[in-house]
Amino acid sequence: QVQLVESGGGLVQPGGSLRLSCAASGIIFSVYAMGWYRQAPGKQRELVAVIARGGIPNYADFVKGRFTISRDNAKNTVYLQMSSLEPEDTAVYYCTAGRTTMKVSDYWGQGTQVTVSS
């Protein structure tokens, strides 16, 4: 079975930083594109960032310059480094996997809560 397990969420003050991690199992990690989605209360789910098999990243406009997605294929882990956090970043963040960066939604983790508040 495929499992994606997120960690690293929590409460942080505006302007602060968090690093989310996602450990994958049950897939050949190195051949999958990976992504991060988020969903805030009352809002649509939105794609935050994706990273291709070879490590090429892409980002939503609203996080460019603040967030960094990376992967460590040796550890079957994808990361989302989040800095300069704003209250608008508050959401449940989901790790995802897919066969291409155009469809990085075949598998989903359980989500981890990120709350940005003073």
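These values consider heavy atoms only, across backbone and side chains, with no hydrogens, waters or symmetry-generated copies. The first residue in the sequence is number 1, and the count goes up from there. Just so you know, these numbers come straight off a predicted model, no measurement behind them.
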Which atom names give the shortest non-hydrogen contact between [X] and [Y], and what distance separates them?
X	Y	value
Pro14	Ser117	CD-C, 3.6 Å
Ala24	Leu4	CB-CD2, 3.5 Å
Ala23	Thr77	CA-OG1, 4.2 Å
Arg38	Asp89	NH1-OD1, 2.9 Å
Ala40	Ala91	N-CB, 3.8 Å
Leu18	Gly8	CD2-O, 3.8 Å

One pair to check against side chain to side chain contact (heavy atoms under 4.5 Å, CB included): Glu46 and Phe62. What are the steps and the verdict? CA-CA 11 Å; Glu46 57 188 357; Phe62 52 82; 3.5 Å; yes
Output yes when a side-chain donor or acceptor of [X] lies under 3.5 Å from a complementary backbone atom of [Y], and no otherwise.
X	Y	answer
Glu6	Cys95	yes
Thr115	Thr90	no
Thr96	Ser105	no
Ser84	Gly15	no

Do [X] and [Y] have side chains that approach each other closer than 4.5 Å (heavy atoms only, starting at C-beta)?
X	Y	result
Tyr93	Met82	yes
Val104	Leu47	yes
Val78	Trp36	yes
Phe29	Arg71	yes
Thr68	Tyr59	yes
Leu20	Tyr94	no
Asn76	Ser25	no

With rounding to the nearest 0.5 angstrom, report the CE to CD1 distance, Met34 to Ile69. 8.0 Å
Working to the nearest 0.5 Å, report the span between CG of Leu85 and CD of Gln13. 11.5 Å
[X] with [Y], same ILVMFWY side-chain cluster at under 4.5 Å:
X	Y	answer
Val63	Val114	yes
Ile27	Val31	yes
Tyr32	Tyr79	no
Ile28	Tyr107	yes
Trp108	Val50	yes

Under 6.0 Å from the CD atom of Gln39, do we count more than 12 heavy atoms belonging to anything else shown? yes
Could you give all pairs that pass the salt bridge (Lys or Arg N to Asp or Glu O under 4.0 Å) test and reach residues 106-118, with sequence neighbours left out? Lys103-Asp106
